[in-house]
Participant: 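Got a structure for you, questions after.
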Amino acid sequence: MKKLKFEQMCKRACKLAKTLKSRKDVLIVTHVDADGITSGAIACQSLINAGIECKVVFIKQLDEGAIEKVADTGKFVWFTDLGSGQIDLIEKHGVECIITDHHVPLRRVGYQLNPHDFGVDGSCEFGGATSTYLVARYMNRANRNLSSLAVVGCVGDLQDFRSGKLLSYNRLILKDGVKEGVLEITRDIRLFGKQTRPVYKMLEFTFDPFLPGLSGSEEGSIKFMTSLSVPPKEGELWRRWIDLKRNEKIRITSALVKLLMKYCYPLSSIERLVGEVYILKEQPEGTELKDAMEFSTLLNATARYGYEDVGLDVCLGVCKSISSSRFEKALKRARVLLQNHRRNLSEGIKLVDEIGITELENIQYFHAGNAIMDTIVGIVAGMYFSKANLEKPIIAFANTDDGVKVSGRATQRLVELGVDLSEVMRIAAEKVGGKGGGHCIAAGATIPKGSEEKFLKEVDRIVGLQIRS
Ligand code: C5P
Ligand code: C5P
Ligand code: ZN
């Protein structure tokens, strides 16, 4: 069955690759997050390799205004990591295009590669970058080395979150990368910052899962290490995870497992602590680019703040298709943005601690007002599951220029119980004159200011229905 579906998807990818190759000039329109940037970079690099002119533009929300602008260019468009939810608008404005996306599509069309059209889950089996990569792969065999960027995109989209590794079709592209010699799969602790941060900082800044006594505490994290006879420093230098000896890593990992067991964490979140880690073999040791998880966060740190071009340059630099000075400059800028991003996330978590989370019958919510940016409120909401009730989806609000941004996050367990936030956001937003969509487990919307209460009521009602049915 799976093989058959893959064959069908490859056939579609092959057809779309042919369409692209018949063009001289293509406009790539992509999404402002890690898998949007990697998708854009994969598309761009494969067109460059084919000698086709191209340009990448980033779009936060593909609404009618944005599509009109795209249509006005008169160019052939490659939509990546978005577009499937806007097929009607794309057709209404007569945009000639192909789409490689993984969001729930409005309907089936022959010019898109979307896993849902083939009965495949777009939130854990097949990401937006996977979709884009598959087309690139059929444009030219040499594009297989772009699989490392596709894996970074998948990880950025949390496709590996549930099982601690990439599954299904995402795994097939991972294997491409291993075969090409650009990726390596290792088993390790799945915390952020193994390559670049001192171990105590890595622990201190882990909020997902929340590590009692360590998360948010520098002193607690350092004490934890010394109590396990793992010196935090070597000479004057703070040791990173990659600097530790194997038995030191094991001591820390098992102590973390014990800690979470002591605090009665669900088995699933304890199991997720260790899993697969994807290494970009050609990148220098000790940099953000070496580890797919760190790489994707670096990209999110650019995109979520309106500096997608910086992230794109980092990806193109990795493909060696821009000058090394431009690459270095982008990397330096991205690192500054990353520090800013980390600060914002930890301040976001603290803010939710302060304002608290309100539980309704079937959901829980917080309203960040102007205190958390609309572009990261969803990340904060997802991270907050480490502290909040795991039995109810989290709905988060943040003000934007054109209304109120909503981000919804569920857990895998809730999805298994029937929760589909993509449907919830779409229906509830429409009810109050807004627009929404996304995935079962993570979705978002924009609604008019002042409609939050009515919206919440509707969300609470629909989630209740989904769980009961
Ligand atoms: O638009 P896009 O699909 O790329 O955005 C997906 C977002 O959903 C990611 O930023 C990620 O935070 C979230 N997500 C999640 N859990 C998943 C899959 C995605 O929270 N299993
Ligand atoms: O912004 P956030 O990370 O919460 O988005 C979660 C998911 O919901 C993403 O896949 C995004 O593309 C989708 N979304 C949407 N319509 C919106 C806002 C978000 O489809 N208005
Ligand atoms: Zn995506």
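When a ligand or atom number is given, it counts from 1 through the structure's own listing order. On a predicted model such as this, the values are computed, not experimentally measured, just so you know. Residue indices begin at 1 and follow the sequence shown.
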Participant: Evaluate the ring planes of Phe455 and Phe397, with Trp represented by its six-membered ring, and classify them as parallel (under 30°), tilted (30 to 60°) or perpendicular (over 60°).
Facilitator: perpendicular
Participant: Centroid-to-centroid, Phe58 to His31, below 6.0 Å?
Facilitator: no
Participant: Run Leu20 and Phe76 through side chain to side chain contact (heavy atoms under 4.5 Å, CB included) and show every step you take.
Facilitator: CA-CA 9 Å; Leu20 284 169; Phe76 185 87; 4.0 Å; yes
Participant: What I want to find out is whether Arg171 reaches Glu276 closely enough, with some N-O distance under 4.0 Å, to be called a salt bridge.
Facilitator: yes
Participant: Between ligand 2 and His31, can you find any atom pair, the residue atom being a heavy atom, that is separated by under 4.0 Å?
Facilitator: yes
Participant: Does ligand 2 come near enough to Gly378 that some N or O of the ligand is less than 3.5 Å from an N or O of the residue?
Facilitator: no
Participant: Let me check your reading of the structure: within less than 2.8 Å of the Zn ion (ligand 3), is there an N/O/S atom from Asp33?
Facilitator: no
Participant: Do the non-hydrogen side-chain atoms of Ile90 and Ile99 ever get within less than 4.5 Å of each other?
Facilitator: yes
Participant: Could a heavy atom of His102 be found less than 4.0 Å from some atom of ligand 2?
Facilitator: no
Participant: With respect to Val406, determine whether any N or O atom, backbone or side chain, lies less than 3.5 Å from an N or O atom of ligand 2.
Facilitator: no
Participant: At a threshold of 2.8 Å, where the distance has to be below it, does the Zn ion (ligand 3) have an N, O or S atom of Asp101 nearby?
Facilitator: no
Participant: Would you please determine whether Ala445 falls within less than 4.0 Å of ligand 2 on a heavy-atom basis?
Facilitator: yes
Participant: Please name the atom of Asp35, restricted to N, O or S, that is closest to the Zn ion (ligand 3).
Facilitator: OD2
Participant: Quick check: does His102 have an N/O/S atom under 2.8 Å of the Zn ion (ligand 3)?
Facilitator: yes
Participant: Less than 4.0 Å between a side-chain N and a carboxylate O, is that true for Asp117 and Arg107?
Facilitator: no
